[in-house]
*Asks:* 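Let me give you the structure first, and then I'll get to my questions.
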Amino acid sequence: SHWIGFAVWLALTGLAHHLTSRWLPETDPFLLPAASLLSGWGLLTIWRLDPYFGLRQTIWLAVAVTVFLVALRLPSDLAILRRYKYLILLGGILLTALTLVFGTNPSGFGPRLWIGGSDVYLQPSEPLKLLLVIYLAAYLADRLPEDTFDRIHAGTIRRIFSIPLIVPTALMTGISLLILLVQRDLGTASIFLLIYTIF
């Protein structure tokens, strides 16, 4: 039955590649294939373990690709993300913190990392990864000089990072990490730490 998931993944990947190449011809040629490979690998793994959850994951993959394609047609101005960066990340943190009280596990046992019911569940730590990236990018874009990256490339910059620049980002990331550690979601916590280190 996992061939169903593979066929859907293949169709979605082909559609996303075609429309991305058409609408954004100058985009990075490696990002979409890498994301498609990882999502397809995970999808097939879930199908092999449990066809029921594999079908659900396939549906969510279709939803995600649809959202991605709709986002490609939105205006490229992301000023609204920079304006509300604190609110966006705080919303993700609060949603993740709710799992400490209202968390559940769809399988009925194990870590309670999901929120939901009636056979529909959301793991808040997953969108929180994206929200953390948005926050860090928006914060650094506001604080660093516009020619910072040109100066780094030219080798003329001496010191761009300081305590006032690092403390707010470390604080917000630390709060996210603390919640994940309390949840014992060490895998996601390590990804958060890696994201922050790369930024």
*Asks:* Answer yes or no: is there a donor N or O on one side and an acceptor on the other, between the side chain of T173 and the main chain of A170, under 3.5 Å?
*Replies:* no
*Asks:* With a 4.5 Å limit on heavy-atom distance, are the side chains of W47 and W3 in contact?
*Replies:* no
*Asks:* If you look at every heavy atom in T104 and G116, which pair is closest and at what distance?
*Replies:* CG2-O, 4.2 Å
*Asks:* Treat each ILVMFWY residue as a node, draw an edge where side-chain heavy atoms are under 4.5 Å apart, and state whether L122 and V101 are in one component.
*Replies:* yes
*Asks:* Distance check, rounded to the nearest 0.5 Å: T27 atom OG1 versus L32 atom CG?
*Replies:* 8.0 Å
*Asks:* Are S36 and W9 linked by a side-chain donor-acceptor pair shorter than 3.5 Å?
*Replies:* no
*Asks:* If I compare all heavy atoms of A138 with all of K85, which pair ends up nearest, and what's the gap?
*Replies:* CB-CD, 3.6 Å
*Asks:* Tell me, yes or no, whether the heavy-atom count around F102 atom CZ, taken from other residues, nucleotides or ligands under 6.0 Å, exceeds 12.
*Replies:* no
*Asks:* Going from CG on L89 to OG on S176, what distance comes out if it is rounded to the nearest 0.5 angstrom?
*Replies:* 5.0 Å
*Asks:* Measuring from atom CD1 of I93 to atom OG of S125, what distance do you get when rounded to the nearest 0.5 angstrom?
*Replies:* 12.5 Å
*Asks:* Mind checking whether W60 and I46 sit in one hydrophobic cluster, side chains of I, L, V, M, F, W, Y counted as touching below 4.5 Å?
*Replies:* no
*Asks:* Are more than 12 heavy atoms from other residues, nucleotides or ligands located less than 6.0 Å from atom CD1 of I80?
*Replies:* no
*Asks:* side-chain contact (heavy atoms from CB on, under 4.5 Å), that's the test. Do L81 and I88 meet it? Break it down for me.
*Replies:* CA-CA 8 Å; L81 297 180; I88 289 172; 3.7 Å; yes
*Asks:* To the closest 0.5 Å, what do you measure between NE2 (H18) and CH2 (W23)?
*Replies:* 8.5 Å
*Asks:* Test of understanding: clusters of I, L, V, M, F, W, Y form through side-chain heavy atoms closer than 4.5 Å, transitively. Do L98 and L94 belong to the same one?
*Replies:* no
*Asks:* Examine V70 and V65 and state if one hydrophobic cluster contains both, with Ile, Leu, Val, Met, Phe, Trp and Tyr joined whenever side-chain heavy atoms are less than 4.5 Å apart.
*Replies:* no
*Asks:* Between I191 and K129, is a side-chain contact (heavy atoms from CB on, under 4.5 Å) present by the stated rule, with each step listed?
*Replies:* CA-CA 8 Å; I191 292 175; K129 296 173 188 173; 3.8 Å; yes
*Asks:* Could you tell me the separation between the CG atom of L130 and the CD1 atom of I134, rounded to the nearest 0.5 Å?
*Replies:* 4.0 Å
*Asks:* Would you mind reporting whether N105 and W114 have side-chain heavy atoms less than 4.5 Å apart?
*Replies:* yes
*Asks:* Quick one: does Y139's side chain get under 4.5 Å of R82's, heavy atoms only?
*Replies:* no
*Asks:* Report whether V8 and L44 are members of the same hydrophobic cluster (ILVMFWY, side-chain heavy atoms less than 4.5 Å apart, transitive linking).
*Replies:* yes
*Asks:* Out of curiosity, F68 CZ to L15 CG, how far, rounded to the nearest 0.5 Å?
*Replies:* 10.0 Å
*Asks:* Can you name the closest pair of heavy atoms from L113 and P124 and give their distance?
*Replies:* O-CD, 3.5 Å
*Asks:* Can you name the nearest heavy-atom pair linking I115 to L95, along with the distance?
*Replies:* CD1-O, 3.5 Å
*Asks:* Would you name the heavy atoms of G92 and L131 that are closest together and state the gap between them?
*Replies:* CA-CD1, 3.6 Å
*Asks:* Between L43 and G5, which heavy-atom pair has the shortest distance, and what is it?
*Replies:* CD2-O, 3.5 Å
